[in-house]
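For reference, the structure is listed below as structure tokens.
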2 protein chains.
Amino acid sequence: MASVSDIVEEAGIGRGTFYLYFDSKREIFLELIEAFFRGYAELLEENHRRLEEAFRRRSRVLRTWRENMLRVLEYHQENPYLTNIAYREALGKDEDFSARVGELSSLAREKLVDEFRMMYDRGMMRECDVELVTSVVMGSTVYVVMEHLLPENEVDVESLADMIVEYHIRALIPEVGDVKRALHSAIETG
Amino acid sequence: MASVSDIVEEAGIGRGTFYLYFDSKREIFLELIEAFFRGYAELLEENHRRLEEAFRRRSRVLRTWRENMLRVLEYHQENPYLTNIAYREALGKDEDFSARVGELSSLAREKLVDEFRMMYDRGMMRECDVELVTSVVMGSTVYVVMEHLLPENEVDVESLADMIVEYHIRALIPEVGDVKRALHSAIETG
DNA sequence: ACTATTGTAATGACATGTCAGTACCAAAAA
DNA sequence: TTTTTGGTACTGACATGTCATTACAATAGT
């Protein structure tokens with residue numbers, strides 16, 4: 001991790017100046033990460049509300065899922081450094097931080113599990129282990145973000161969202177389901 | 001990270017003894033990780049060979065894929081501590097280590113991409129972005145390992161492998177493909 | 001006796017955090 | 001106008017702490 005010396009050097013300020021604005025290095029670190037996590041948690045809540053609304057109206061469920069995925073990707077794309085820190089750099093570093101990561105990932109998991117259950121109850125999903133599916137979706141999303149979204153700056157988020165959602169829809173649609181129709185309702189512009 | 005004091009205490013040896021056997025803490029760390037990585041790389045190579053062989057014989061391709069997935073899961077299950085260190089604890093820590101992780105993950109990616117292309121060439125896979133699919137498979141696998149395999153010790157690896165492979169087969173099978181037959185050939189015992 | 005091991009104490013590199021002092025500006029006093 | 005004063009932002013040498021690493025005398029094992 002960057003030392004305070006690194007930070008002040010990079011910022012072109014004196015060592016003391018740093019401590020005028022932050023009580024400790026830990027503080028600035030947790031503050032940055034916390035902001036990122038709070039934003040992400042809010043996004044997840046909002047996505048969840050939108051999807052619930054779609055379920056209530058019984059329309060545009062898959063489309064909403066795709067839009068939610070898009071927003072998740074965009075959020076990470078807009079915060080590349082923090083994303084990198086949160087998912088890679090700081091994982092085994094700080095007790096509090098790890099706890100916070102755990103909280104957020106539990107939150108995300110709960111939301112997703114709930115969403116998949118709603119899909120299942122409406123016959124939009126085949127029978128399967130929801131917890132496992134949730135892990136698959138979360139894990140693949142994080143990995144795609146790290147491998148495709150952060151390194152290249154010229155990546156098309158829209159089509160990335162399309163491809164990811166298509167993958168999961170195909171994997172989850174019931175035996176009797178109409179793949180073409182589902183994909184169309186989720187992805188194709190109309 | 002564990003201090004040298006922690007290590008010698010845990011191992012029940014003296015501080016001096018530690019330095020009789022290792023030049024430095026870094027050395028033992030890299031040695032352990034390297035062993036884990038080498039083992040994993042070998043596993044990947046072997047899996048790749050098996051799958052190539054299956055392609056050559058034009059039989060049991062999906063079954064072999066499932067077996068490969070199983071071996072990957074088992075390898076991580078057998079090395080829970082190293083898995084945890086490799087994927088979580090030590091990610092932003094050491095320059096050399098990060099480079100090694102990068103190498104290994106590139107190796108895994110190359111193999112997988114190659115395997116998917118073979119599947120595609122034989123009409124076993126729909127047209128899609130192979131790089132992205134590879135990320136999805138790799139990411140979801142790591143995540144499932146961390147969330148389902150490591151925490152609980154009473155998890156059934158076999159059915160985990162089944163469910164993961166079923167997920168990907170459903171996601172990747174061509175429009176005209178026979179899902180039931182594919183799943184049967186991959187998973188059902190016979 | 002000889003060797004391998006131990007554990008305490010010392011060392012040094014490097015990290016964070018502190019604080020007396022500098023630079024500067026603007027307003028008050030002369 | 002010039003000088004003094006006060007306040008704010010900033011600085012970097014220094015204090016302090018942590019931890020890997022080394023040195024070495026004492027001890028256990030053969």
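Side-chain atoms are counted along with the backbone in the values below, which use heavy atoms only and exclude waters and symmetry mates. Order of the sequence lines sets the chain letters (A, B, ...), proteins ahead of strands, with each chain counted from 1.
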To the nearest Å, give me how far apart [atom1] ([X]) and [atom2] ([N]) are.
{"X": "A:I28", "N": "C:dG17", "atom1": "CD1", "atom2": "P", "value": "12 Å"}
{"X": "B:R26", "N": "D:dC19", "atom1": "CZ", "atom2": "C1'", "value": "16 Å"}
{"X": "B:E27", "N": "D:dA20", "atom1": "CD", "atom2": "P", "value": "15 Å"}
{"X": "A:Y19", "N": "D:dT16", "atom1": "OH", "atom2": "P", "value": "16 Å"}
{"X": "B:K25", "N": "D:dT18", "atom1": "NZ", "atom2": "P", "value": "15 Å"}
{"X": "A:D23", "N": "C:dG17", "atom1": "CG", "atom2": "P", "value": "9 Å"}
{"X": "A:F29", "N": "C:dA15", "atom1": "CZ", "atom2": "P", "value": "17 Å"}

Which residue pairs satisfy the salt bridge (charged side-chain N to carboxylate O under 4.0 Å, His left out) criterion with at least one member in residues 128-144 of chain A, sequence neighbours excluded?
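Residue pairs with at least one partner in residues 128-144 of chain A: A:R109-A:E131.
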Side chains of B:R71 and B:N47 only: does a donor on one sit below 3.5 Å from an acceptor on the other?
yes
Is the closest side-chain donor-acceptor distance between B:Y143 and B:H148 under 3.5 Å?
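Distance-only check fails for B:Y143 and B:H148.
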Protein-nucleic acid N or O pairs under 3.5 Å, nucleotides 21-26 of chain C:
none

Would you call B:E166 and A:R126 a salt bridge, taking side-chain N to carboxylate O under 4.0 Å as the test?
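A salt bridge is present here (some side-chain N lies under 4.0 Å from a carboxylate O).
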Under 4.0 Å between a Lys/Arg side-chain N and an Asp/Glu carboxylate O for A:R100 and A:E103?
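Result for this pair is yes, salt bridge flagged.
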B:F36 and B:Y81: aromatic ring centres closer than 6.0 Å?
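Aromatic pair excluded; centres sit 6.0 Å or further apart.
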Quick check: B:Y87 with B:H76 (ring centres under 6.0 Å apart)?
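Yes, the ring of B:H76 comes within the 6.0 Å limit of the ring of B:Y87, centre to centre.
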Can you check nucleotides 3-6 of chain C for protein contacts, nitrogen or oxygen pairs under 3.5 Å, and list what you find?
{"residue": "C:dT5", "atom": "OP1", "partner": "B:Y21", "partner atom": "OH", "Å": "3.2"}
{"residue": "C:dT5", "atom": "OP2", "partner": "B:Y21", "partner atom": "OH", "Å": "3.2"}
{"residue": "C:dT6", "atom": "OP2", "partner": "B:G14", "partner atom": "N", "Å": "3.4"}
{"residue": "C:dT6", "atom": "OP2", "partner": "B:T17", "partner atom": "OG1", "Å": "2.2"}

Applying side chain to side chain donor-acceptor pair (under 3.5 Å) to B:S5 and B:R15, what does each step give before you reach the verdict?
CA-CA 7 Å; B:S5 302; B:R15 198 174 190 68; 3.3 Å; yes
